[in-house]
Amino acid sequence: YLGHMYVNISMLWWKNNESLQKNIDKQGLQNVDQALDNGKSVIILAPHNVSLDFAGRALAQYELLSMYKPFKNNLVNWFIGRSRSKPTDKVIVYPRSKNAMKNIIKKMKKPCVLYLLADEDITRDNSIFTKFFDNEKNTLKSVSKLAKITNSVVLPCVCLYDMKSMRYNFKVLPKIEDFPSNNIDSDCVKINSVLEKQITLGISQYMWTLRIYKNRPDGSDVYKNQL
C-alpha cells in the first residue's frame, strides 16, 4: 500500500480537483452537512494512514482547514501545499505552529471543517498517557480542548485504498457521542478508542513507521538502536 501511495501522490500534485474526485468513492458526507446546517463547525478525526491526503481531497467541497508538519526543504513544503489545496478550493493548509492554531480557532467561529490527524506523539506538554493498542501512549488533549472551545462536532473518518478497483474509499462515520465531556482524561481515552477502531478497519494501511510511542512514562526510548 505504501508503494501505491508514492505512485499516486503525483496525482494530487498535478491533477485538477474534478479529475481527482473521480477516483474517490464517498460515504457519510451527510453527517458533515447536518452539522454545518445546524451552525456547527466540524472536526474530521483521521489517523495517519497511507491515503490521508486523498481523505483531505474528498472533503475539498467544504470550507476546509488543515495543518501539516513543515519540512526543512522549501520545495517539499511547496509540493505539500500544491497537493492539499487547489485554486478551485476553499482549502487553507497551515504549517503547524501556535499561530496556526489561533487562526484555526478564529476561523471555526463560523461553520467550517477541520481535517485533523491526532494520533501522533508530538510533545509531553498538553498530553496524558492513556492506553492505545494495549500500550501506554502519550495522547494529545487538543482534540477535546478544540472541540470545546469551538463548540464543534467530532466526526471520525476512514479512507482506504482498494487495490482491486484502484480507487479510494472515503467514509465519514457518525459523531462521537458525549464529546467533549467535563473530564479531559476520559475524552483522551475515548479518542484513542475511536482511533483504534479506525486503524483496525485497514490495519495494513496505517503508517506504523510513525513514532507513536516516542515519549514513555519512564522516560525511556523504545526506538533507540533500532535498525
Side-chain angles (χ1 to χ4, degrees), residues 1-2 5 42-53 55-56 65-72 94-98 100-102 104-105 108 114-150 152-161 171-227:
Y1 290 103
L2 189 61
M5 183 272 289
V42 174
I43 297 173
I44 299 290
L45 180 70
H48 277 81
N49 68 14
V50 296
S51 302
L52 66 90
D53 283 303
L65 312 171
S66 69
M67 284 190 296
Y68 74 97
K69 182 180 178 180
F71 293 85
K72 293 180 180 179
Y94 295 98
R96 192 165 64 200
S97 68
K98 289 182 179 179
M101 187 56 70
K102 288 179 181 178
I104 285 170
I105 290 170
M108 292 180 75
L114 172 66
Y115 179 50
L116 183 65
L117 295 99
D119 51 344
E120 287 184 276
D121 182 350
I122 298 173
T123 175
R124 289 290 298 269
D125 298 332
N126 257 333
S127 303
I128 63 166
F129 283 98
T130 60
K131 287 289 185 182
F132 186 69
F133 288 112
D134 292 327
N135 284 281
E136 292 291 323
K137 180 184 177 299
N138 192 41
T139 306
L140 296 171
K141 297 179 181 179
S142 57
V143 183
S144 175
K145 287 185 173 182
L146 190 59
K148 183 168 286 189
I149 291 170
T150 61
S152 297
V153 173
V154 180
L155 302 174
C157 81
V158 178
C159 188
L160 300 173
Y161 183 68
K171 185 175 183 179
V172 179
L173 304 172
K175 71 176 182 180
I176 302 176
E177 297 289 349
D178 303 318
F179 187 92
S181 69
N182 292 321
N183 186 326
I184 199 163
D185 289 7
S186 296
D187 287 349
C188 288
V189 170
K190 184 172 286 188
I191 286 295
N192 272 359
S193 176
V194 170
L195 285 167
E196 285 179 351
K197 292 174 183 175
Q198 290 170 280
I199 292 167
T200 303
L201 288 172
I203 200 162
S204 63
Q205 298 192 38
Y206 186 63
M207 292 184 180
W208 293 104
T209 52
L210 285 178
R211 297 193 170 198
I212 56 174
Y213 298 112
K214 178 175 66 176
N215 289 295
R216 310 307 304 140
D218 61 2
S220 62
D221 183 354
V222 297
Y223 299 104
K224 189 176 181 180
N225 297 325
Q226 282 195 345
L227 294 176

For residues 175-182, please give each side-chain donor-acceptor pair under 3.5 Å, one per line with the distance, not counting sequence neighbours.
| from | atom 1 | to | atom 2 | distance (Å) |
| --- | --- | --- | --- | --- |
| Ser181 | OG | Asn183 | N | 3.1 |
| Ser181 | OG | Asn183 | O | 3.1 |
| Ser181 | OG | Asp187 | OD1 | 2.7 |

query = Are Lys131 and Glu136 ion-paired here, with the side-chain N under 4.0 Å from a carboxylate O?
reply = yes

Nearest 0.5 angstrom please: [X] [atom1] to [Y] [atom2], how far?
X	Y	atom1	atom2	result
Leu117	Leu45	CG	CG	8.0 Å
Leu173	Leu201	CG	CG	7.5 Å
Asp221	Lys214	CG	NZ	9.5 Å
Lys137	Ile212	NZ	CD1	6.5 Å
Ile44	Ser152	CD1	OG	10.5 Å
Ser51	Met207	OG	CE	8.5 Å

remark   = For Lys145, the salt bridge (charged side-chain N to carboxylate O under 4.0 Å, His left out) test, sequence neighbours excluded, returns none

For [X] and [Y], work out which heavy atoms get closest and say how close.
X	Y	answer
Ile199	Pro47	CG1-CB, 3.7 Å
Ile203	Trp208	O-NE1, 3.0 Å
Ala46	Gln198	CA-NE2, 4.0 Å
Cys188	Ile128	CB-CD1, 3.7 Å

Given 3.5 Å as the limit, does a donor-acceptor pair link the side chain of [X] with the main chain of [Y], or not?
X	Y	answer
Tyr115	Asp53	no
Gln205	Asn49	no
Thr123	Asp125	yes
Ser193	Val189	no

Side chain proximity check, [X] to [Y], heavy atoms < 4.5 angstrom:
X	Y	value
Leu146	Ile105	yes
Tyr213	Asp121	no
Asn138	Phe132	no
Leu114	Val42	no
Arg124	Phe129	yes

task = Report yes or no: do Asp119 and Tyr206 form a side-chain donor-acceptor pair below 3.5 Å?
result = yes

Non-neighbouring partners of Thr139 that pass side chain to side chain donor-acceptor pair (under 3.5 Å), sequence neighbours left out = Thr130, Asn192

ask   = Under the side chain to side chain contact (heavy atoms under 4.5 Å, CB included) criterion, do Leu140 and Ile122 qualify, and how do the steps go?
value = CA-CA 8 Å; Leu140 296 171; Ile122 298 173; 3.8 Å; yes

